[in-house]
Amino acid sequence: MILRYGLPDGKEKEVKLSQKAITIGRGADADLQITDKLASRLHCGISYWDEAYFIRDFNSRNGTLVNGQPIKVSRLKPGDRIQVGDTILSVTAGPSKGPATVMRELKDEMAKGKGYHTIMREIIRDEEKTGNT
C-alpha cells in the first residue's frame, strides 16, 4: 500500500509501506516527518501484522483520525484517509499515475472506440468495488 500526502510547497509525496513499521510525526526521530504544528513529535505509527496494516495513535495531543473518526488502533485499507494534525494522508493500493499518463490512457481508450460515458461508468464501477466512493 501507498501513503500519499501533500508537502507545504504544494508537491505531493508518496511513501510505499512495507512490512517494516514506521512512525509518523513532526520530530526528527519520526520515520515519516511531517511539517505540521498540530502533530506530535511521534504522533502515530503504522505496522504490518497478519497480512494487514494497522495504525496506532501514540497518545498524541490532538489524536489520530481515520476517515474522520478518532482511533487508538485501526486496520488500514485502500481509500482510508488518515489525519495527523492538519495533514491528510491518503491510503491507496498502489502508486498514482501522473496526469500525462492518465490523459494518454484515456485518449488510447477513446481511439479504440470506447465512448466517454462507457469510460465514466467503468471508473465509477471500479471506485465502488474498492469502496472509495
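Every value quoted in this text rests on a predicted model; they were computed, and no experiment measured them. Just so it is clear, the values below take in all heavy atoms, side chains as well, and ignore hydrogens, waters and symmetry mates.
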Quick check: closest heavy atoms across [X] and [Y], and the distance to 0.1 Å?
X	Y	answer
Gly25	Ala30	N-CB, 3.5 Å
Thr23	Phe58	CG2-CE1, 3.9 Å
Trp49	Phe54	O-CE1, 3.5 Å
Leu17	Tyr53	O-OH, 3.3 Å
Arg81	Ser90	NH1-OG, 4.0 Å
Glu51	Arg75	O-NH2, 4.4 Å

Exercise. Verify the cluster assignment for Tyr48 and Leu89: are they in a single hydrophobic cluster under the rule of side-chain heavy atoms below 4.5 Å apart?
Key: yes

Quiz prompt | Same apolar cluster: Ile71 and Ile24, side chain cutoff 4.5 Å | solution = yes

Quiz prompt | Among Thr35, Leu7, Ile34, Leu38, side chain to side chain contact (heavy atoms under 4.5 Å, CB included) partner for Thr87 | solution =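 Answer after filtering Thr35, Leu7, Ile34, Leu38: Ile34.
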
Quiz item: What residue among Asp80, Leu76, Thr92 forms side chain to side chain contact (heavy atoms under 4.5 Å, CB included) with Met1?
Solution: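 Option passing the side chain to side chain contact (heavy atoms under 4.5 Å, CB included) with Met1: Leu76.
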
[atom1] of [X] to [atom2] of [Y]: how many Å apart, nearest 0.5 Å?
X	Y	atom1	atom2	answer
Asp57	Ile82	CG	CD1	11.5 Å
His43	Ile55	NE2	CD1	8.0 Å
Asn62	Asp36	CG	CG	8.5 Å
Glu122	Glu109	CD	CD	7.0 Å
Arg26	Gln33	CZ	CD	11.0 Å
Gln69	Gln83	CD	CD	11.5 Å

Quiz prompt | Test item: Glu14 side-chain N/O and Leu3 main-chain N/O as donor-acceptor pair under 3.5 Å | solution = no

Quiz item: Looking at side-chain heavy atoms only, is the closest gap between Tyr5 and Leu32 below 4.5 Å?
Solution: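 Of all side-chain heavy-atom pairs linking Leu32 with Tyr5, at least one is under 4.5 Å.
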
Quiz item: Is there side-chain contact between Asp29 and Arg41, with at least one heavy-atom pair below 4.5 Å?
Solution: no

